[in-house]
Asker: 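This is the structure I want to talk about, given as structure tokens.
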Amino acid sequence: MKIFRLLAVAGGVLFLCGCTTVSELPAEKISQECSTPELQLCRQLLVAFLKNDASAFVSRLTPENQKSFNKEEFAAARQNMLKTVGEPVSFRYLTSLEFVTLQPHIWVVRFKRTDLTKKKEFFSEALFRVVTGRDKNGQIYVLGFNFL
């Protein structure tokens with residue numbers, strides 16, 4: 001009997017979740033969001049990743065993060081990405097999440113690989129999260145990043 005009540009409640013919750021209305025941002029709001037200093041910093045980070053520019057990538061991190069994620073760590077992480085998903089070829093901005101002090105930005109990175117015969121190309125995508133924040137002086141830093 002308790003199982004039936006639980007199923008009825010769960011079904012009602014699922015039914016109510018399906019009735020959510022989603023509104024999109026106006027086009028001008030989206031274009032304004034893509035021009036913020038935080039997103040420009042994220043874009044610079046991604047360009048450095050695509051160009052395999054460890055110096056440019058690491059220079060955009062906080063001084064504390066530069067100690068733990070240096071050029072050697074960048075090279076190792078990028079090499080691991082090449083083995084698992086392929087060569088990064090492009091990226092696009094997806095969205096930013098709303099937080100009080102930190103700002104996570106979600107990007108889509110596109111990768112290219114070839115099959116063992118080197119005759120056919122395959123593409124795949126992965127989400128890349130970049131978390132930015134400002135210090136007391138208003139300077140913007142990349143506080144963290146990872147592929148999701």
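Residue numbers count from 1 along this sequence.
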Asker: Report the C-alpha distance between Leu148 and Ile106 in whole Å, list the side-chain angles of each, state the deciding distance to 0.1 Å, and finish with yes or no for side chain to side chain contact (heavy atoms under 4.5 Å, CB included).
Answerer: CA-CA 9 Å; Leu148 304 172; Ile106 310 298; 4.2 Å; yes
Asker: Looking only at heavy atoms, which two atoms of Ser96 and Leu39 are closest? And how far apart?
Answerer: OG-CD2, 4.1 Å
Asker: Would you check if Trp107 and Leu94 make a side-chain contact, meaning some heavy-atom pair closer than 4.5 Å?
Answerer: no
Asker: Is Leu46 linked to Leu127 within one hydrophobic cluster, defined over Ile, Leu, Val, Met, Phe, Trp and Tyr using a side-chain heavy-atom separation of less than 4.5 Å?
Answerer: no
Asker: Could you work out, with ring pair (Phe, Tyr, Trp, His ring centres under 6.0 Å) as the rule, every residue matching Phe49, not counting sequence neighbours?
Answerer: Phe147
Asker: When rounded to the nearest 0.5 angstrom, what distance separates CG in Leu102 from CD in Glu38?
Answerer: 11.5 Å
Asker: Answer with yes or no whether the side chains of Lys71 and Ser55 bring together a donor and an acceptor at under 3.5 Å.
Answerer: yes
Asker: Residues two or more places apart in sequence or in another chain: which of them pass side chain to side chain donor-acceptor pair (under 3.5 Å) with Thr62?
Answerer: Asn65
Asker: Side chain to side chain contact (heavy atoms under 4.5 Å, CB included) for Leu61 and Phe145? Distances and angles first, verdict last.
Answerer: CA-CA 10 Å; Leu61 305 178; Phe145 58 90; 3.6 Å; yes
Asker: Can you see whether Arg134 engages Gln139 through a side-chain donor-acceptor pair at a distance of less than 3.5 angstrom?
Answerer: no
Asker: Could you tell me whether the side chain of Leu41 reaches within less than 4.5 Å of the side chain of Arg60, counting heavy atoms only?
Answerer: yes
Asker: Of all residues at least two apart in sequence or in a different chain, which pass the ring pair (Phe, Tyr, Trp, His ring centres under 6.0 Å) check with Phe123?
Answerer: none
Asker: Drop me the distance from Lys112's NZ to Ser124's OG, to the nearest 0.5 angstrom.
Answerer: 12.0 Å
Asker: If we only count heavy atoms from C-beta on, is the Val108 to Tyr93 side-chain gap below 4.5 Å?
Answerer: no
Asker: Kindly determine whether Thr132 and His105 satisfy side chain to side chain contact (heavy atoms under 4.5 Å, CB included), including the steps that lead there.
Answerer: CA-CA 8 Å; Thr132 61; His105 310 280; 2.9 Å; yes
Asker: Please list every donor-acceptor pair under 3.5 Å in which a side-chain atom of residues 80-92 meets a protein atom from a residue at least two apart or in another chain.
Answerer:
from, atom 1, to, atom 2, distance (Å)
Thr84, OG1, Asn80, O, 3.0
Thr84, OG1, Met81, O, 3.4
Glu87, OE2, Arg78, NH2, 3.2

Asker: What residues form a side chain to side chain contact (heavy atoms under 4.5 Å, CB included) with Pro104, not counting sequence neighbours?
Answerer: Leu97, Phe99, Arg129, Val131
Asker: Report yes if the side chains of Tyr141 and Pro63 come closer than 4.5 Å at any heavy-atom pair, otherwise no.
Answerer: yes
Asker: Any chance you could measure Thr114, atom OG1, to Phe122, atom CZ, to the nearest 0.5 Å?
Answerer: 8.5 Å
Asker: Please list all pairs meeting salt bridge (Lys or Arg N to Asp or Glu O under 4.0 Å) that have one or both residues in residues 46-57, counting only residues at least two apart or in different chains.
Answerer: none
Asker: Group every Ile, Leu, Val, Met, Phe, Trp and Tyr by side-chain heavy-atom contacts under 4.5 Å, then state whether Leu143 and Leu45 land in the same group.
Answerer: no
